[in-house]
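Chain naming here is simple, since letters A, B, ... match the order of the sequence lines and numbering starts at 1 in each.
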Amino acid sequence: MSEINHLNLSKNGLVFDPRTGESYQLNPIAQKIIVLFQSGKTSEQAAKLIADEFHISLEQAFSDILEFQVQLSIIGLAS
Amino acid sequence: MTKYSKPSIVKISNPLYTKHGSGAQSYHPVRDAIEGVAVDELVKKYGSPLFVFSERILRQKYQEAKSSIESVYPNVQFGWSYKTNYLNAICQVFHDEGAIAEVVSHFEYQKARALGIPGHNIIFNGPYKPEAALEQAISEDAQIHIDHFDEIADIESIAKRLNKKVKVGIRINLNCGIYPVWSRFGFNLESGQAWAAVRRIAQSKDIQLVGLHSHIGTFILDPHAYGRAIDKISQFMRETESLVGYNLEFLDLGGGFPSRSSLKGVYQPPEVVVPPPQVYAEAMANGLKWLTTRKNMPKLIMELGRYLVDEAGFLITSVMADKLLPDGRRSYVLDAGVNLLYTSTWYKFKIEIEKEPTGISEPSILFGPLCMNIDIVDEAILLPRLERYERLILSPVGAYNVTQWMQFIQYRPAVVMINEKSETRIIRRAETLDDINRMENP
């Protein structure tokens, strides 16, 4: 998801989109996923890392990340 | 270490939000127990969804309302409004407190009788009283409040057949400055219809008018409406007594006191807009004064329903699915919906979560379990991200929901009562397929 590289992410969970001037608040898991995407990880890779770190199933992590990607698209942060 | 929760992102559109994002960390009320019994324990024992009633609140509400009215008028009788919630255990609590039964159908009349309430302790209201119901009520000396002229004729006919003079009240509707005016029940005062009914009954050999009844509406937020109604009825009572030549035995002011529920469209919270019963009593006091000076002080009957039972009822429901809608809103599918919450059309329930919220809140919509687009429990609520099977506790839901719930697609769930010792018992078990099929023939 290289299209989210332009987002500015703060440590307290705020995201600023310089293209639109809009700000968003993220929960800690969403922050981690954005960071993973910005570092070039694919959805599958990000799911594996999240599943390992939080001791949840890979299937759950992958479902949640896929839906999160849909949400990013709906609100215009990713295409 | 951060606990896992599903990823959430919320657009900051409220100017109150700061760079620290504190605005989105919204407070959300938490309830992990009802009357000292853990929600988790209730669900594990009785399932979800689950209606839960507090006996302590039922009794507290009754005593609070009764003592308020008695503080301004000494001769008060409460009639428990069966239609508001006619579960036997609920009715029993109010009968145990001293209420007689107020019913509006033959079914309710029979329910009261099955509970052991004698006919003379049943007020029979309503616009439709079938002949069989009237005959039973007359033969058992129930207190019938007549709704229309056809009913006068029906009662006369039965009275002749039973060779009995029947004591009755008439229901009166009037304009006391509130909207809407409930003009479809009883005889209208301003048009002269009520007076016509009095004259009609006064000439009857089979019926004797002994009381007047008025029920001005529901969820009446203006206590002075009762004062204005009493002023009008009092004048009418004087005129009636002058015509018939004796004092009437009772004045029934019906119900209509609100519970602490949020009526949709009323933007202030119920704690602000809903007056306590003492304020209603004080608004009624002046109008009632003249009755206290009479030799035979008439009985003042109150038929409170919603006020007494609504806040004693809770509905525990569980999150069964978490779905993102195409417009970006978060939605949840609950195991309880409009099938169990008939009053959700008019009231916005208080929704508490079982566990302390973590993370950010987002605009959410709560759907019920029905495969129907209209099944929405709350269309706009800020909620922290909920986990699957997490429970929500909705209140107040004690009034009208367990009488108007639907057996549509789903079974109706169990209803539990918690007594004042925090002991629980099922007062209505969950429905089964056999319950439904028993009434059908293949």
(request) Please determine, among Lys6(B), Arg385(B), Lys323(B), Arg330(B), the option with the most heavy-atom pairs under 4.5 Å with chain A. (result) Lys6(B)

(request) Report yes if some heavy atom in the side chain of Ile12(B) is under 4.5 Å from a heavy atom in the side chain of Leu14(A); otherwise report no. (result) yes

(request) Hey, could you give me the CD/CD distance between Glu362(B) and Gln71(A), rounded to the nearest 0.5 Å? (result) 6.0 Å

(request) Using side-chain contact (heavy atoms from CB on, under 4.5 Å) as the criterion, point out the one residue from Gln60(A), Glu53(A), His55(A) that pairs with Tyr4(B). (result) Gln60(A)

(message) Report which part of Glu22(A) has an atom under 4.5 Å of a heavy atom belonging to chain B: side chain, backbone, both, or neither.
(response) side chain

(request) Could you look at Ile50(A) and say if it's the side chain, the backbone, both or neither that has a heavy atom under 4.5 Å from chain B? (result) side chain

(request) Please check if the side chain of Glu67(A) supplies one atom and the backbone of Leu324(B) the other of a donor-acceptor pair under 3.5 Å. (result) yes

(request) Name the region of Asp322(B), side chain, backbone, both or neither, that has any atom closer than 4.5 Å to a heavy atom of chain A. (result) both

(message) Does atom NZ (Lys44(B)) have a neighbourhood of more than 12 heavy atoms from anything else shown, all under 6.0 Å?
(response) no

(message) Looking at Glu423(B), I'd like to know if its CD atom is crowded, meaning that more than 12 non-hydrogen atoms belonging to other residues, nucleotides or ligands lie closer than 6.0 Å.
(response) yes

(message) Any non-hydrogen side-chain atom of Pro7(B) less than 4.5 Å from a side-chain atom of Ile65(A)?
(response) no

(message) Please rank Ala30(A), Ser23(A), Gly13(A), Ala61(A) by heavy-atom pairs under 4.5 Å with chain B and give me the top one.
(response) Ser23(A)

(message) Other residues, nucleotides and ligands only: do more than 12 of their heavy atoms fall within 6.0 Å of CG on Asn373(B)?
(response) no

(message) Counting only heavy atoms from other residues, nucleotides and ligands, does the tally under 6.0 Å from NZ of Lys32(A) exceed 12?
(response) no

(message) Pair Ile9(B), Ile34(A) - check side chain to side chain contact (heavy atoms under 4.5 Å, CB included), show working.
(response) CA-CA 11 Å; Ile9(B) 181 167; Ile34(A) 293 281; 5.7 Å; no

(request) Start with the C-alpha gap between Phe54(A) and Thr2(B), add the side-chain angles, then the distance that decides, and say whether side chain to side chain contact (heavy atoms under 4.5 Å, CB included) holds. (result) CA-CA 8 Å; Phe54(A) 293 96; Thr2(B) 307; 4.1 Å; yes

(request) Mind ranking Val15(A), Ile74(A), Asn27(A), Ile75(A) by heavy-atom pairs under 4.5 Å with chain B and telling me who comes out on top? (result) Asn27(A)

(message) Which atoms of Ile56(A) are under 4.5 Å from chain B, going by heavy atoms: the side chain, the backbone, both sets, or neither?
(response) side chain

